[in-house]
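Structure provided below as structure tokens; questions to follow.
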Amino acid sequence: EPEVTQTPSHQVTQMGQEVILRCVPISNHLYFYWYRQILGQKVEFLVSFYNNEISEKSEIFDDQFSVERPDGSNFTLKIRSTKLEDSAMYFCASSVLAGVGEQFFGPGTRLTVL
Amino acid sequence: SQELEQSPQSLIVQEGKNLTINCTSSKTLYGLYWYKQKYGEGLIFLMMLQKGGEEKSHEKITAKLDEKKQQSSLHITASQPSHAGIYLCGADPSGAGSYQLTFGKGTKLSVIP
């Protein structure tokens with residue numbers, strides 16, 4: 001069964017460093033998403049991406065964040081200068097359709113900022 | 001903004017017992033999604049409901065969206081240890097085919113053998 005994959009599973013970084021989280025969405029899906037979940041809190045939407053551009057983004061997704069689909073399979077989230085409060089589980093998701101179909105989530109990348 | 005309140009926050013049941021988890025929205029629900037999350041893992045899609053009064057079942061899990069479309073319930077019949085996890089309800093906050101989902105805080109279910 002096709003699934004969303006994410007690498008790495010755990011990333012530890014120093015405050016101020018840049019990190020890139022990688023995702024491989026399901027191959028025939030057209031919409032891609034990043035969510036995050038701070039320990040003990042809700043899963044929060046960050047950004048959605050379709051047709052090589054951002055469709056929607058939340059207030060959390062400020063200038064420190066960027067997304068890219070560098071090739072036909074990968075979808076990346078970059079945090080330019082990490083802060084302590086960026087420590088969270090980051091989930092990538094993909095869907096065939098937007099708004100009417102389920103989003104399939106990856107297993108997540110746990111980001112720890114020291 | 002739309003808020004989703006889940007109740008209870010946590011639940012411990014004996015194996016074989018039935019249970020219900022509720023999700024109440026501050027606004028009309030246009031699409032309600034149920035996901036299951038195991039600790040430290042991703043979200044697994046369970047069911048999606050869109051129409052008021054809609055009910056869907058998969059194996060021993062049944063989800064309903066009430067007629068007024070502001071509340072959904074998830075019912076598990078004859079619970080098993082494999083049902084343990086965190087159940088999240090998610091919704092499209094705008095009702096306009098939005099790309100994003102808003103989630104509740106989750107209900108942590110433990111099933112005692």
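In what follows, chains are A, B, ... by sequence order, proteins preceding strands, each numbered from 1.
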Pair B/Q37-A/Q37, side-chain contact (heavy atoms from CB on, under 4.5 Å): steps then yes or no: CA-CA 12 Å; B/Q37 183 182 25; A/Q37 186 177 32; 3.0 Å; yes
Side-chain donor/acceptor of B/Y33 to backbone N/O of A/Q103, under 3.5 Å: no
Distance, nearest 0.5 Å, that separates CZ of A/F45 from CZ of B/F103: 11.0 Å
Rounded distance [0.5 Å steps], CG in B/L88 versus NZ in A/K42: 11.0 Å
Pairwise distance CZ(A/F91) to CG(B/L43) - rounded to 0.5 angstrom: 5.5 Å
B/I21 reachable from B/L29 in the ILVMFWY side-chain graph, under 4.5 Å edges: yes
Same apolar cluster: A/L46 and A/V43, side chain cutoff 4.5 Å: no
hydrophobic_cluster_shared for A/V24 and A/L77, side chain cutoff 4.5 Å: no
Chain B contact via A/Y35 - side chain, backbone, both or neither, heavy atoms under 4.5 Å: side chain
Joint hydrophobic cluster, B/L65 plus B/M48, side-chain heavy atoms closer than 4.5 Å: no
More than 12 heavy atoms from other groups under 6.0 Å of CD1 on A/I20: yes
Point-to-point distance, once rounded to the nearest 0.5 Å, from OH of B/Y35 to CZ of A/F105: 5.0 Å
Crowding at CG, A/L114 (>12 non-hydrogen neighbours, <6.0 Å): yes
Option that, when pairs with chain B are counted at under 4.5 Å, heavy atom only, ranks first among A/S9, A/A93, A/S55, A/S58: A/S55
